[in-house]
Amino acid sequence: MAGEVWQDRPIYGYDSPAVQNTYIEREAASVADFFLPHLQPGMSLLDCGCGPGALTLDLAEAVAPGQAVGIDLEPSMIERAIALATQRQVANVQFRTANICDLPFPGSSFDAIFTSAVLEHLSNPEQALREMYRVLKPGGFVGMIKTDWGEPLISPPGRSGEAVLRAV
């Protein structure tokens, strides 16, 4: 996940094992169902903010034998993604630590780009969009999911959760 950092770490507890375990259970068939029908074998794909790689691996299978790349700002997420790719034996995927606002790829590198629950955490989402456009091939497409944080649910309810809401 790229975006807001505090002492060189993503905010919101993104690097916590509980958050990583939640993200590892996601499946592209339900999260990226709008995006999957547009993917074709042989495409190159970039997943920005890939987390522990569960969605990236599903997307990589959709573009095989094409290549998929997952990037994330949090090194522990990339470690989990590499381990998951090894466990699932998905060979057409790479994972690397990188910032969505400064992508380490040449222009026109990818046929498709996916990002989920990232842009709303950025202080400059426009820069991330410019970078995604820069590395997108002509005729390529982008799939984005923006999480609606308008009605947060804190469970179990308690004073610590209420204190967090008052602070923001």
Search all heavy atoms of [X] against all heavy atoms of [Y] and return the closest pair with its distance.
X: Gly51; Y: Ala81; answer: O-CB, 3.9 Å
X: Ser108; Y: Lys137; answer: O-CG, 3.3 Å
X: Ala62; Y: Leu36; answer: CB-CD2, 4.1 Å
X: Arg96; Y: Phe105; answer: NH1-CE2, 3.5 Å
X: Ala60; Y: Val93; answer: CB-CB, 4.1 Å
X: Val118; Y: Cys48; answer: CG2-O, 3.6 Å

Is any side-chain heavy atom of [X] less than 4.5 Å from a side-chain heavy atom of [Y]?
X: Leu59; Y: Thr56; result: no
X: Ile78; Y: Cys50; result: yes
X: Phe34; Y: Ile145; result: yes
X: Glu131; Y: Ile100; result: no

[X] side, atom [atom1]; [Y] side, atom [atom2] - distance, nearest 0.5 Å:
X: Leu46; Y: Thr115; atom1: CG; atom2: OG1; result: 8.5 Å
X: Asp58; Y: Leu39; atom1: CG; atom2: CG; result: 11.0 Å
X: Leu55; Y: Asp47; atom1: CG; atom2: CG; result: 6.5 Å
X: Leu129; Y: Leu122; atom1: CG; atom2: CG; result: 8.5 Å
X: Met144; Y: Glu120; atom1: CE; atom2: CD; result: 11.5 Å
X: Leu45; Y: Phe110; atom1: CG; atom2: CZ; result: 8.0 Å

Going through the distances and angles, do Phe95 and Leu57 end up as a side chain to side chain contact (heavy atoms under 4.5 Å, CB included)?
-> CA-CA 10 Å; Phe95 292 100; Leu57 295 178; 4.0 Å; yes
Would you mind telling me which of Val63, Asp111, Val135, Ile113 makes a side-chain contact (heavy atoms from CB on, under 4.5 Å) with Ser44?
->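 Single side-chain contact (heavy atoms from CB on, under 4.5 Å) partner of Ser44 among Val63, Asp111, Val135, Ile113: Asp111.
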Under 3.5 Å donor-acceptor, Asn92 side chain and Gly66 backbone =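 The answer is yes, because a donor-acceptor pair under 3.5 Å joins these two groups.
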Decide yes or no on salt bridge (Lys or Arg N to Asp or Glu O under 4.0 Å) for Asp102 and Arg134, but give the supporting numbers first.
-> CA-CA 10 Å; Asp102 186 22; Arg134 181 184 67 78; 5.9 Å; no
